[in-house]
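Input: a single structure, listed below in structure tokens.
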Amino acid sequence: MGNSLKSARFLVESRLRDATRGDAKACFDLGIVYSSGAEGIDVDLVEAHKWFNIAAVSGSERAAECRAEIAEDMSAREIIEAQKAARAWLRGVELRAA
């Protein structure tokens, strides 16, 4: 159990580093991890929606499709929360780049 948790943390951390550099695939991968509970990460549809949204803004059509699919299982409040989180993350990346 300890090794799988370390592996999951490593995956998320490495994808986050890549996402910070503008890698849409890394954002998509994070959406997959959070939407499916892959790599021992708990399913978190708000977090998944956020990452799919960020990847979609970067031009990923598949991310937009996945975002729409999981939105069907989310409340309006959860979607709003995910959208706010995506905007905040994007603003933070823009500020770090400036």
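Counting begins at 1 with the first residue of the sequence. Worth saying up front: this structure is predicted, and the values here are computed from it rather than measured.
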Margin query: Once ring pair (Phe, Tyr, Trp, His ring centres under 6.0 Å) is applied, what residue pairs with a partner in residues 60-83 remain, sequence neighbours excluded?
Written below: none

Next item on the list: Can you see which heavy atom on Ile70 is nearest to which on Ser35, and at what distance?
Entry: CG2-CB, 4.2 Å

Notebook entry, point to check: What heavy-atom pair brings Tyr34 and Val12 nearest, and what distance separates the two atoms?
Noted result: OH-CG1, 3.8 Å

Margin query: Holding to side chain to side chain contact (heavy atoms under 4.5 Å, CB included), I want the full list of residues that pass it with Ala19, two or more places apart in sequence or in another chain.
Written below: Ala26, Cys27, Leu30, Trp51, Trp89

Notebook entry, point to check: Can you pull the salt bridge (charged side-chain N to carboxylate O under 4.0 Å, His left out) pairs that have at least one residue in residues 20-29, sequence neighbours excluded?
Noted result: Arg15-Asp29, Asp18-Arg21, Lys25-Asp29

Next item on the list: Name all pairs fulfilling the ring pair (Phe, Tyr, Trp, His ring centres under 6.0 Å) condition that reach into residues 52-71, sequence neighbours left out, sorted by first residue then second.
Entry: Phe28-Phe52

Next item on the list: Look at the side-chain heavy atoms of Ile, Leu, Val, Met, Phe, Trp and Tyr, link any pair under 4.5 Å apart, and say whether Ile54 and Ile79 land in one connected group.
Entry: no

Check: Which heavy-atom pair separates Asn53 from Ala86 by the least distance, and what is that distance?
Finding: ND2-CB, 3.7 Å

Checklist line | Val43-Ile32 co-clustered via ILVMFWY side chain contacts under 4.5 Å | finding: yes

Check: Just wondering, do Lys50 and Val46 contact through their side chains at under 4.5 Å, heavy atoms?
Finding: no

Margin query: Applying salt bridge (charged side-chain N to carboxylate O under 4.0 Å, His left out) as the test, list every pair that has at least one member in residues 59-84; sequence neighbours left out.
Written below: Arg62-Glu65, Arg62-Glu69

Checklist line | Heavy-atom closest pair, residues Ala55 and Ala63 | finding: CB-CB, 3.5 Å

